[in-house]
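First comes the structure, then the notes that go with it.
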Amino acid sequence: MGIALIWCLALILIKWITSKRRGAISYDSSDQTALYIRMLGDVRVRSRAGFETDRRGSHPYIDFRIFHSNSEIEVSVSARNVRRLLSFQRYLRSSRFFRGITVPNSSNILDDDYNGQAKCMLEKVGNWNFDIFLFDRLTNGNSLVSLTFHLFNLHGLIEHFQLDTMKLRRFLVMVQEDYHSQNPYHNAVHAADVTQAMHCYLKEPKLSKSLTPWDVLLSLIAAATHDLDHPGVNQPFLIKTNHYLATLYKNTSVLENHHWRSAVGLLRESGLFAHMSLENRQLMESQIGDLILATDISQQNEYLSMFRSHLDRGDLCLENANHRHFILQMALKCADICNPCRTWELSKQWSEKVTEEFFHQGDIEKKYHLGVSPLCDRQTETIANIQIGFMTYLVEPLFGEWARFSNTRLSQTMLGHLGLNKASWKGVQREQSGSGDDVDATFEEMDSDILPQEPRLS
Ligand SMILES: *[C@@H]1O[C@H](CO)[C@@H](O)[C@H](O)[C@H]1NC(C)=O
Ligand SMILES: *[C@@H]1O[C@H](CO)[C@@H](O)[C@H](O)[C@H]1NC(C)=O
Ligand SMILES: [Zn+2]
């Protein structure tokens, strides 16, 4: 316990020392886009690290255990906390785990042993229709470990970087465990989904012919870790509850900084790259940070206008490492919000999950009189309204530019689904308005006055 505590303190110290101030959040609250930016701020939020009053929560009035009212979950949560603190115990556990010494009936747990169907699915891992929910079931909830390990292998990274496969698995298990499985949306399945999407983008001709193994390595790690330890609530919530993370990161890209630092912590703990030079490891950590920080949706306008000007000038040169890394930032941003570009079946499930996470935050905000965040009020919002706004203000502009950059069949497929899914939600919205009582007057007004033009998708 003593050693574990020292480790924990050392990690916190490292986080403090290495933390850097990023640009301030720049959205304007009068801007419609900001609503959806804030919403996505919500989209990307809800895990647990934040909500352990006993350990790190800092709001004086909220017992953060309310997040886990289900007693079964509480048990697993506290079990998990112990694990998180006891790095050494986790290390021992996972190494035994991988040596196959303990765990009777381990065939249910070990991803080596995922059944034939999951293996079969991996043959089509580059398919845009890949069903990550099914894959997660077939791997007994180990989709992130299985998929990422497979992709490392597929891209030849294990060989190229001389990676120790035991360390790689251990690292991926730690990553998967640091996602909060009780978050409806921001859990390891979302991370696996983003990693799969990233893989699809890396295969696009423009990228695949210019990317180096180093680029691919960073992209996959960043995708797998980009929401690590997400508390299931958004940044404004953390700020208004005086959460320690908001203080630590000075109210700026609070979650993204935390995801990045958590990833760095696990990279160091796993020793996966211990055989590389210190210089390379530091470069890797900072470049992974650049990728993860780009997923802060409140910065989308800045990234998008840079992307747009490059495309207008036609000056992107992928032989240039800086340009490649910029494109990888854009690719990760696309991967992160690509849900509406998937088939309706998949897309709809994501929409339901993310809304559940928003509404859960709204319920807590109501209960504690914190002021309900935009899009989090289950009394006035609907999935359809939220999705239509999200698509209009964030997804369509981003994927429109992406399709200009990479005008391929995949891009056309994504835009096609996006259009169809939006039409489906509009159908749902019409039905709901038709039924009378459920009409949300605010949104109706917004829909007709503020959302008149569909952004043109080139
Ligand atoms: C392992 O699985 C078998 C068959 O599913 C079962 O009969 C046995 O009791 C299990 N053993 C343990 C230790 O759970
Ligand atoms: C963060 O925001 C809170 C609430 O607006 C404010 O009280 C606090 O001073 C801010 N902290 C920093 C470092 O800007
Ligand atoms: Zn995400």
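Numbering of ligands and ligand atoms starts at 1, following listing order.
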**Asked** Below 4.0 angstrom, N of the basic side chain to O of the carboxylate: do K353 and E356 qualify?
**Response** no
**Asked** Where the Zn ion (ligand 3) is the centre, what is the OD1-to-NE2 angle for D336 and H190, rounded to 10°?
**Response** 90°
**Item:** Residues which pass salt bridge (charged side-chain N to carboxylate O under 4.0 Å, His left out) with K203, listed by chain and number, not counting sequence neighbours
**Value:** none
**Message:** I'd like to check which ligand 2 atoms, numbered from 1 as shown, lie under 4.0 Å from a non-hydrogen atom of I239.
**Reply:** 2 (O), 3 (C), 4 (C)
**Asked** Looking at the Zn ion (ligand 3), which N/O/S atom of D227 is the nearest one?
**Response** OD2
**Request:** Enumerate the residue pairs fulfilling side-chain hydrogen bond (donor to acceptor under 3.5 Å, both in side chains) with a member in residues 122-135, sequence neighbours excluded, ordered by first and then second residue.
**Result:** none
**Atom name of the N, O or S atom in H226 that lies nearest to the Zn ion (ligand 3)** = NE2
**Asked** Any idea which of V254, L248, N251 brings a heavy atom closest to atom 10 (C) of ligand 2?
**Response** N251
**Request:** Could you tell me whether the side chain of L168 reaches within less than 4.5 Å of the side chain of I158, counting heavy atoms only?
**Result:** yes
**Asked** Are the side chain of N385 and the backbone N or O of E381 linked by a donor-acceptor pair below 3.5 Å?
**Response** no
